[in-house]
> 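Please read through the structure below; I'll follow up with questions.
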Amino acid sequence: MFEVVDDGCAPDVLVVRGTGGFAGQSATFAGPDARSRAEAYARWMNAGGAFQRRRTDPGFKGGAGHAR
């Protein structure tokens, strides 16, 4: 699970932090649109988008076809 928290060090700086099995993982967002970008990133991570393999990822073997 990922959550958005204030950095506390500077204004307009937010951190997306992982909890549970994702503890220790984080991403920092800064600037005037930091909140919307951080919240969108946290939603994407929580939805499992980060776990989808892309064709450009090392070790990508291809998607499962209808015949499989």
> How close do Glu3 and Thr19 get, counting heavy atoms only, and between which atoms?
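Minimum heavy-atom separation between Glu3 and Thr19: OE2-CG2, 3.7 Å.
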
> At their closest point, which heavy atom of Ala38 faces which heavy atom of Val16, and how far apart are they?
O-CG2, 3.5 Å

> To the nearest 0.5 angstrom, please state how far the CG atom of Leu14 sits from the CZ atom of Arg37.
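Rounded to the nearest 0.5 Å, the CG-CZ separation comes out at 9.5 Å.
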
> Using a strict 4.0 Å threshold on nitrogen-to-oxygen distance, state whether Arg17 and Asp7 make a salt bridge.
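Not counted as a salt bridge, because no side-chain N and carboxylate O are separated by less than 4.0 Å.
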
> So, for Asp12 and Ala34, which heavy atoms are closest and what is the spacing to 0.1 Å?
O-CB, 3.7 Å

> Given the rule in the side chain to side chain contact (heavy atoms under 4.5 Å, CB included) test, do Val4 and Arg35 qualify, once you have shown the distances and angles that lead to the verdict?
CA-CA 8 Å; Val4 177; Arg35 177 156 305 277; 4.3 Å; yes

> Between Tyr41 and Val15, is there a shared hydrophobic cluster once you connect ILVMFWY residues whose side-chain heavy atoms come closer than 4.5 Å?
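Different clusters: Tyr41 never reaches Val15 through Ile, Leu, Val, Met, Phe, Trp or Tyr contacts under 4.5 Å.
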
> Is Val5 linked to Trp44 within one hydrophobic cluster, defined over Ile, Leu, Val, Met, Phe, Trp and Tyr using a side-chain heavy-atom separation of less than 4.5 Å?
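No: no chain of side-chain contacts under 4.5 Å links Val5 to Trp44.
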
> Could you check Phe2 against Gln25 for side chain to side chain contact (heavy atoms under 4.5 Å, CB included), going step by step and ending with a plain yes or no?
CA-CA 9 Å; Phe2 292 86; Gln25 296 182 31; 3.9 Å; yes

